[in-house]
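Letters A, B, ... are given to chains in the order of the sequence lines, protein chains preceding strands, and every chain is numbered from 1. Quick note: numbers below take in every heavy atom, side chains included, and nothing from hydrogens, waters or symmetry partners.
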Protein chains: 2
Amino acid sequence: MSGHGSAVDMLRSQGYRMTPQRLSVLDIVASQQGHIGVDEVWGLARQQHPYVDLATVYRTLQLLKRAGVVTEVLIGNRLHFEMIDKHNPHQHMVCSSCDSVFTLSPDYLAGFSRRLVEEFGFVPDLENLTIGGTCLACLQSEQA
Amino acid sequence: MSGHGSAVDMLRSQGYRMTPQRLSVLDIVASQQGHIGVDEVWGLARQQHPYVDLATVYRTLQLLKRAGVVTEVLIGNRLHFEMIDKHNPHQHMVCSSCDSVFTLSPDYLAGFSRRLVEEFGFVPDLENLTIGGTCLACLQSEQA
DNA sequence: ATTATTAGCGCAAACGATTGCAATAACTAG
DNA sequence: CTAGTTATTGCAATCGTTTGCGCTAATAAT
């Protein structure tokens, strides 16, 4: 266990059944210190159980996202997931050229977010926001 | 033609062959006054040609995106495309609950973008940035 | 015009991800 | 502890999108 017991309790109190498959997926994502791809989650989950279906992994990850336990990051054409740490919130920047991921302090978008709420009543999902673009290294190797 | 002749010239000068299929797709997106889904582009393209393959529509739309002629907006689980109008640049906000799309003045993110470039050398692709979240109407009907 | 080059096409298969469904297992109440 | 209920699972089919591959047709040179 990696200190995510509170998430288990929270999910259970919301009526979710904590099956071995779900506990396994949660444990795998929580034991990672960063984002992890679905394939990798599946691979690790299969080591713990005779069989876990890929669909169950996907369903569980979406469930955890909906419950606010993990964030989703699209890297290339693959979904990755990461535990939400209230003590270290951040956004992600992904380079569309090399798929590098950079984290960004929420300070950068706090004002922007507030304006959207105040002026439009639109509450942005910053937790799952990914900013696409091109990183420094790729920009430099590009201008050849 | 809808005043996108310059795009055709630009693409041709970049070595792209302007086939009837491509001209058709470009014409369809350009004649729209907003974003249009891939299915709809395909449907309209098939009216103009005996047969246009869906893969060709996808390939052409990605080509136009790469060339900076159109922007991509993910609405629900479907890609939509929209002509880039230099005189009316904007970002998109999409409500993940009802799939409504709102446009946003680039003023809101200009400072943020500048900071990313200055501090990280990361150039965000604001043209294709979509801000997910929940709109006012959905927030209100949610708190029932 | 004719030809040579090669980018783009239709087609079909594959991709990552989601969903419908019958069987199963986690919870609840007694 | 047992029985009942229903959420979750494995499975398979399907979703929207992308890709590999020969054939075709758009361009450039003659």
Specify whether A:Tyr108 and B:Phe120 have parallel, tilted or perpendicular ring planes, treating 30° as the upper limit for parallel and 60° as the lower limit for perpendicular.
tilted

Spacing between B:Met18 atom CE and D:dA28 atom P, to the nearest angstrom:
13 Å

A:Arg22 vs A:Tyr51, nearer the 5' end of DNA chain D by closest nucleotide:
A:Arg22

CG of B:Leu23 versus C1' of D:dA25: gap in Å, rounded?
14 Å

Heavy atoms from other residues, nucleotides or ligands near CD of A:Gln14 exceed 12 (cutoff 6.0 Å)
yes

Side chain of B:Arg17: nearest nucleotide among C:dT5, C:dA25, C:dG10?
C:dT5

Specify the separation, in whole Å, of atom OH of B:Tyr16 and atom P of C:dG8.
8 Å

What distance do A:Arg17 atom CZ and A:Leu11 atom CG have between them, rounded to the nearest 0.5 Å?
14.5 Å

Taking atom P of D:dG16 as reference, at what distance in whole Å does atom CH2 of B:Trp42 sit?
11 Å

Atom CD of B:Glu119: over 12 foreign heavy atoms under 6.0 Å
yes

Atom-to-atom span, CG of A:Asp39 to P of C:dG16 - whole angstrom:
7 Å

Of B:Ala55 and B:Arg78, whose nearest nucleotide on DNA chain D comes first from the 5' end?
B:Arg78

Please confirm whether the shortest side-chain N or O distance from B:Gln62 to OP1 or OP2 of D:dT18 is below 4.0 Å.
yes

Atom-pair distance (CG on A:Leu11; C1' on C:dA26), nearest Å:
15 Å

Rounded to whole angstroms, how far apart are CG on A:Leu74 and P on C:dC15?
18 Å

Regarding A:Leu54, tell me which of base, sugar-phosphate or nothing describes its non-hydrogen contacts under 4.0 Å with the strands shown.
nothing

Between the base of D:dG20 and the side chain of B:Arg59, is there any donor-acceptor pair under 3.5 Å?
yes

A:Val25 and A:Val41, any side-chain heavy atoms less than 4.5 Å apart
yes

Reckon B:Thr19 has a side-chain N or O less than 4.0 Å from the OP1 or OP2 of D:dA26?
no

Sugar-phosphate only, base, or nothing, as touched by B:Asp53 at under 4.0 Å among non-hydrogen atoms
base

Could you state the atom-to-atom distance from CZ of A:Arg46 to C1' of D:dG10 in whole Å?
12 Å

Contact class for A:Pro20 vs. all strands (heavy atom < 4.0 Å): base, sugar-phosphate, or nothing?
sugar-phosphate

Is any side-chain nitrogen or oxygen of A:Gln21 closer than 4.0 Å to OP1 or OP2 of D:dG10?
yes

